[in-house]
Amino acid sequence: MVFTFIVVNHWEGVGFMIAAKSVFRFSDLARSKTGKLTEYVLIGTLLSFGIAVLAGILIK
């Protein structure tokens with residue numbers, strides 16, 4: 001979805017996706033007793049969003 005938002009030039013959609021993912025994952029991360037899960041989720045999110053943004057900019 002991030003890729004699609006960038007290709008159609010709706011950057012606000014990318015911000016919405018980041019906010020929505022944060023809200024939905026907050027309860028999972030709050031229940032986690034270790035910091036490793038939180039780090040994996042943050043790194044994975046950053047990586048996937050970064051790749052989608054880069055691919056969208058290159059295609060556009």
Side-chain angles (χ1 to χ4, degrees):
M1 289 182 72
V2 173
F3 174 77
T4 305
F5 282 136
I6 292 170
V7 170
V8 296
N9 205 25
H10 285 283
W11 287 89
E12 63 276 1
V14 177
F16 174 76
M17 291 298 297
I18 292 171
K21 182 163 175 84
S22 299
V23 169
F24 288 130
R25 289 302 237 160
F26 181 75
S27 63
D28 293 339
L29 297 177
R31 281 186 268 144
S32 173
K33 298 295 182 203
T34 63
K36 284 190 175 189
L37 177 63
T38 305
E39 292 174 9
Y40 286 134
V41 169
L42 289 173
I43 291 170
T45 300
L46 179 62
L47 185 62
S48 65
F49 274 73
I51 290 170
V53 168
L54 184 63
I57 290 171
L58 290 175
I59 297 296
K60 190 174 160 183

Would you say V2 and L54 are hydrophobically clustered, going by side-chain heavy atoms of ILVMFWY under 4.5 Å? no
CZ-CG distance between F3 and L58, expressed to the nearest 0.5 angstrom: 9.5 Å
Work out which heavy atom in V7 is nearest to a heavy atom in K60; give both atom names and the distance. O-CD, 4.4 Å
Shared ILVMFWY cluster between L46 and L42, side chains joined below 4.5 angstrom? no
At what distance, to the nearest 0.5 angstrom, does CZ of F16 lie from NE2 of H10? 14.0 Å
Residue pair F49 / V14: nearest heavy atoms and the distance that separates them: CE2-O, 4.3 Å
Please say yes or no: joined through hydrophobic side-chain contacts below 4.5 Å, possibly via intermediate residues, are I51 and V8 part of one cluster? no
What is the minimum heavy-atom distance between I6 and V53, and which atoms define it? CD1-CA, 3.3 Å
